[in-house]
**Student:** 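Below you'll find the structure I mean.
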Amino acid sequence: MNFEFLEIIPQMGPMLQATVITIVIGFVSCLVGLVIGTLLLLLRHTEYSAVRLLVRVYGSFIRGTPALVQILVFYYVLPPLIGLDIGPITAGIMAIGFNSGAYVAEILRGGLSRIAPGQWEAAQALGMKKPKIWFKVILPQIYNSVVPLLVNEFTMVIKITPLLSTITVLELTRASQHLITSTYRPVEVLTMAAVLYFCICFSLSQLGEILQRRSEKYRL
């Protein structure tokens, strides 16, 4: 079998455009997941037992069902329920973001367990209100302590994005499939797709190491 990578490279324009789309979807989904995860952490410590129960049920449901099913639900089931056509990209971002949020919440909960209870008491002694304690004292320390775990979760988000090809999102995997159809070179195309995914995830891991070093200096 002859490998013709030089023939594929000039035709990779759509794949590179799809790579940008993959990065944007992944970045926005990570932000959504971080916001939802933080919100779930706060709700988990509310005084209302019903809210705490709903948070636990949500987390169990998300972690106990396939991401693909969640994506299909957001694309095919949610729009008729809310009466809006949210489009495949928006549906995909929401599905991945809500999925990631459940895992981020668990990561943050683990980080919270490392915070000494005395910090709560000291902040309350200074007259700080509960929301201010969370956002000024507790959450910054949690984020700093779980940077590696968050980077790992966000890497997993990038690896979930190929599932969006099932709802017609033209991300990297779907663009690769189109190129395979036109060139009949699956080995070369999929190899290049794997390289692009590796570059994205490797860059993310390197960014995580930079953030981790900075967070360690901050703790010092």
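These figures come from a predicted structure and were not determined experimentally.
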**Student:** Would you say the side chain of Tyr58 lies within less than 4.5 Å of the side chain of Ile36, judging by non-hydrogen atoms?
**Tutor:**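 Ile36 vs Tyr58: side chains touch.
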**Student:** Is there a path of hydrophobic side-chain contacts, each under 4.5 Å between heavy atoms of I/L/V/M/F/W/Y residues, joining Ile86 to Leu163?
**Tutor:**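 Cluster IDs for Leu163 and Ile86 match.
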**Student:** Taking all atoms of both residues into account, what is the closest heavy-atom pair of Ala102 and Ile62, and its distance?
**Tutor:**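 Answer, listing the atom of Ala102 first, then Ile62: CB-CG2, 3.5 Å.
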**Student:** Between Val169 and Arg174, does the side-chain contact (heavy atoms from CB on, under 4.5 Å) criterion hold? Intermediate values first, please.
**Tutor:** CA-CA 7 Å; Val169 175; Arg174 190 171 180 85; 6.0 Å; no
**Student:** Are Leu34 and Tyr143 close enough, and set up right, to give a side-chain contact (heavy atoms from CB on, under 4.5 Å), and what steps lead you there?
**Tutor:** CA-CA 10 Å; Leu34 185 60; Tyr143 292 141; 4.0 Å; yes
**Student:** Using distance alone, with no hydrogens and no angle criterion, decide if Ser100 and Glu153 have a side-chain donor and acceptor under 3.5 Å apart.
**Tutor:**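 Yes, Glu153 and Ser100 have a side-chain donor paired with an acceptor closer than 3.5 Å.
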**Student:** Assign the ring pair Trp120 / Trp134 to parallel, tilted or perpendicular, where the plane angle (0 to 90°) is split at 30° and 60°.
**Tutor:**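 Perpendicular.
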**Student:** Check for a donor-acceptor pair, side chain of Asn144 on one end and backbone N or O of Pro140 on the other, with a separation under 3.5 Å.
**Tutor:**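 Here the side-chain-to-backbone pair exists.
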**Student:** With a 3.5 Å distance limit and no angle check, can you tell me whether Glu209 reaches the backbone of Ser205 through a side-chain donor-acceptor pair?
**Tutor:**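 Looks like no, no N/O pair under 3.5 Å.
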**Student:** Taking the side chain as C-beta and beyond, is there a heavy-atom pair between Ile25 and Leu164 under 4.5 Å?
**Tutor:**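 When only atoms from C-beta onward are counted, Leu164 and Ile25 do touch, with a gap below 4.5 Å.
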**Student:** Ignoring hydrogens and angles, write down the donor-acceptor pairs under 3.5 Å from the side chains of residues 13-21, residues two or more places apart or on other chains.
**Tutor:**
{"unit_1": "Thr19", "atom_1": "OG1", "unit_2": "Met15", "atom_2": "O", "d": "2.8"}

**Student:** Of all heavy-atom pairs between Gly26 and Val157, which one has the smallest distance, and what is that distance?
**Tutor:**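 In terms of heavy atoms, the two residues are closest at O-CG1, 3.9 Å.
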**Student:** Atom SG of Cys201 and atom CG of Leu196: how far apart are they, to the nearest 0.5 Å?
**Tutor:**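 Result: 11.0 Å between the selected atoms.
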**Student:** Identify whether the distance between the nearest side-chain nitrogen and carboxylate oxygen of Arg63 and Glu106 falls below 4.0 Å.
**Tutor:**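 Answer for the salt bridge query: yes.
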**Student:** Pair Phe27, Phe154 - check ring pair (Phe, Tyr, Trp, His ring centres under 6.0 Å), show working.
**Tutor:** CA-CA 8 Å; Phe27 176 75; Phe154 295 157; 9.2 Å; no
**Student:** Once rounded to the nearest 0.5 Å, what's the spacing between atom CD1 of Ile96 and atom CE of Met156?
**Tutor:**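 Answer for the CD1-CE pair, Ile96 versus Met156, is 11.5 Å.
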**Student:** How many angstroms lie between atom CG of Leu54 and atom CZ of Arg56, to the nearest 0.5 angstrom?
**Tutor:**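 Separation between the atoms: 9.5 Å.
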**Student:** Kindly compute the distance separating OH (Tyr76) from CD1 (Ile167), expressed to the nearest 0.5 Å.
**Tutor:**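 So the OH of Tyr76 and the CD1 of Ile167 are separated by 7.5 Å.
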**Student:** Consider only side-chain heavy atoms of I, L, V, M, F, W and Y, link residues closer than 4.5 Å, and tell whether Ile200 and Met192 are in one cluster.
**Tutor:**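 Yes; tracing contacts between hydrophobic side chains, which count when under 4.5 Å, links both residues.
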**Student:** May I ask you to check whether Thr65 and Gln70 show a side-chain donor-acceptor distance below 3.5 Å?
**Tutor:**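 Yes, because at least one side-chain N or O of Thr65 sits under 3.5 Å from a partner of the opposite role on Gln70.
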**Student:** Looking at CG of Leu207 and CZ of Phe202, how far apart are the two atoms once the value is rounded to the nearest 0.5 Å?
**Tutor:**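 Leu207 CG to Phe202 CZ: 12.0 Å, rounded to 0.5 Å.
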**Student:** Tell me if a side-chain donor or acceptor on Ser113 pairs with a main-chain N or O of Gly110 at a distance below 3.5 Å.
**Tutor:**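 Pair found, side chain donor or acceptor close to backbone of Gly110.
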**Student:** Start with the C-alpha distance between Ile142 and Leu41, add both sets of side-chain angles, then the distance that settles side-chain contact (heavy atoms from CB on, under 4.5 Å), and finish with yes or no.
**Tutor:** CA-CA 11 Å; Ile142 294 176; Leu41 177 69; 4.0 Å; yes
**Student:** Is Ile8 linked to Val187 within one hydrophobic cluster, defined over Ile, Leu, Val, Met, Phe, Trp and Tyr using a side-chain heavy-atom separation of less than 4.5 Å?
**Tutor:**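 The answer is yes; both residues are in one hydrophobic cluster.
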**Student:** Would you call Thr183 and Glu7 a side-chain contact if the rule is heavy atoms closer than 4.5 Å?
**Tutor:**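 With C-beta onward as the side chain, the pair stays apart.
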**Student:** Between CZ of Arg109 and CZ of Arg44, what distance do you get to the nearest 0.5 Å?
**Tutor:**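 One gets 4.0 Å once the value is rounded to the nearest 0.5 Å.
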**Student:** Between the side chain of Thr90 and the main-chain N/O of Gly87, is any donor-acceptor distance below 3.5 Å?
**Tutor:**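 Answer holds: no.
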**Student:** Apply side-chain contact (heavy atoms from CB on, under 4.5 Å) to residues Leu112 and Leu108 and explain how you reach the verdict.
**Tutor:** CA-CA 6 Å; Leu112 178 62; Leu108 297 180; over 6 Å; no
**Student:** Thr181 side chain to Gln177 main-chain N or O, any donor-acceptor pair under 3.5 Å?
**Tutor:**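 Checking the backbone N and O of Gln177 against the side chain of Thr181, a donor-acceptor pair under 3.5 Å is found.
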**Student:** Is the closest side-chain heavy-atom distance between Tyr75 and Thr166 below 4.5 Å?
**Tutor:**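 The answer is no, as the side chains (C-beta and beyond) never meet within the 4.5 Å cut-off.
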**Student:** Find out whether Arg114 and Gln141 are in side-chain contact, i.e. whether some heavy atom of one side chain is under 4.5 Å from a heavy atom of the other.
**Tutor:**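 No; the side chains remain at least 4.5 Å from each other.
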**Student:** Report yes if some heavy atom in the side chain of Gln124 is under 4.5 Å from a heavy atom in the side chain of Ile133; otherwise report no.
**Tutor:**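 A side-chain contact exists here, since the closest heavy-atom pair is under 4.5 Å.
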**Student:** For the residue pair Tyr197 and Thr173, confirm or rule out a side-chain donor-acceptor distance under 3.5 Å.
**Tutor:**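 Yes, a side-chain donor-acceptor pair sits under 3.5 Å.
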**Student:** Kindly give the heavy-atom pair with the smallest separation between Gly111 and Ser145, and that separation in Å.
**Tutor:**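 Scanning both residues completely, I find the closest heavy atoms to be CA-OG, 4.0 Å.
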**Student:** Looking only at non-hydrogen atoms, find the nearest pair between Ile115 and Ile138 and report the distance.
**Tutor:**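 That would be CG2-CD1, 3.8 Å.
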**Student:** Is it the case that one hydrophobic cluster holds both Val104 and Leu31, taking links as side-chain heavy atoms less than 4.5 Å apart, direct or via other members?
**Tutor:**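 In one cluster: no.
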**Student:** Shortest non-hydrogen contact from Glu171 to Ser165?
**Tutor:**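 Glu171 and Ser165 have their closest heavy atoms at OE2-CB, 3.3 Å.
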**Student:** Which heavy-atom pair separates Ile71 from Ile160 by the least distance, and what is that distance?
**Tutor:**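 Heavy-atom minimum between the residues: CD1-CG2, 4.5 Å.
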**Student:** Is there a path of hydrophobic side-chain contacts, each under 4.5 Å between heavy atoms of I/L/V/M/F/W/Y residues, joining Leu53 to Leu39?
**Tutor:**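 Each belongs to a different hydrophobic cluster.
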